[in-house]
Amino acid sequence: MIGIFDSGIGGMTVARAVEQLLPDYSIVYFGDIARTPYGSKSAATITDYSLRNTEFLLQKGAEIIIIACNTASSVATEALRREFQVPIIEVITPAAHKAVATSKTGRIGVIGTRATIRSGVYEQTICSQRPDFHVFSEACPLLVPLVEEGWTNKQETKMILRRYLHPLKDKQIDTLVLGCTHYPLLTKLIQTRVGKRVTLIDSSVETAHYVRDLLTEQPHLVAKKDHGIATHHYYVSDLTDSAQTVARKIFARPLELILT
Ligand code: DGL
């Protein structure tokens, strides 16, 4: 079973991509809606929450853990790898690799939560592969609450995006990393704002590809299908109407979130 967690519903963009690429595997998801957003909290608090989320998923039978949250990936990955024996997969490296492979001008933008941007992890990962590349980062703290509320196509969201993306406009980037798993739900608005010439990199999709490759190379890591069927359970630490609505929209099917 594949365990996946996020601060809320954003990580479901990773789970959706994993469901599509790996239909034979069972998934257990945990969205920490009661404590979202993580991005404005300290590294110590985010790490503490991430340790508890991982414990929960392991109790449910997870054999590998995907940290489907850039924020937790950027500050808590090492602590999780020290604490737990199972493979811990983060979302930064697959997205950074794809950005490096995609950019032709070597000018890459990154948007994420305050904690992700403050960690500098995208600059470090991209520049360790290509020291000649330039990375321009912008923290967008209001976007996660807007997505959790389901405000993915509102005028107010467009205005806030315009404000956040403005500093990247004159940096002549050709690639923009959506460095938060909530942001794929704003892809259309972001693409319109930055223009067609900028390629968006979705950390959710890249991570799902990485996991598929990993399980192809090391199939023993996760058992396929329990009792012949792949089960998908989506747990949350708080059950709200907006989360339920957004979750159904993400998966485009009736899906019942389970309150822990
Ligand atoms: N989806 C999380 C991420 O990728 C959002 C973090 C938050 O709750 O602020 O960063």
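Below, all heavy atoms of this structure are taken into account, side chains as well, without hydrogens, waters or symmetry copies. In listed order, ligands and their atoms are each counted from 1.
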Between Phe56 and Phe5, does a ring pair (Phe, Tyr, Trp, His ring centres under 6.0 Å) hold up when you go through it step by step? CA-CA 10 Å; Phe56 172 80; Phe5 79 83; over 10 Å; no

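Between the side chains of Glu206 and His97, no donor-acceptor pair of N or O atoms lies under 3.5 Å. Between the side chains of Thr181 and Ser204, no donor-acceptor pair is found at a separation under 3.5 Å.
Contacts classified as side chain to side chain donor-acceptor pair (under 3.5 Å) and involving residues 161-170 (residues at least two apart or in different chains) are not found.
Judged by distance alone, the side chain of Thr157 and the main-chain N or O of Trp151 form a donor-acceptor pair under 3.5 Å. For Ser73 (side chain) and Val91 (main-chain N/O), a donor-acceptor pair under 3.5 Å exists by modelled atom type.
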Where does ligand 1 get N/O contacts under 3.5 Å from the protein, atom by atom?
from, atom 1, to, atom 2, distance (Å)
ligand 1, 1 (N), Asp6, OD1, 3.0
ligand 1, 1 (N), Thr181, OG1, 2.7
ligand 1, 1 (N), His182, ND1, 2.7
ligand 1, 4 (O), Asn70, N, 2.7
ligand 1, 4 (O), Asn70, ND2, 3.3
ligand 1, 4 (O), Thr181, N, 2.8
ligand 1, 4 (O), Thr181, OG1, 3.3
ligand 1, 8 (O), Ser7, OG, 2.5
ligand 1, 8 (O), Tyr38, N, 2.6
ligand 1, 9 (O), Tyr38, N, 3.2
ligand 1, 9 (O), Gly39, N, 2.7
ligand 1, 10 (O), Asn70, N, 3.4
ligand 1, 10 (O), Thr71, N, 3.1
ligand 1, 10 (O), Thr71, OG1, 2.6

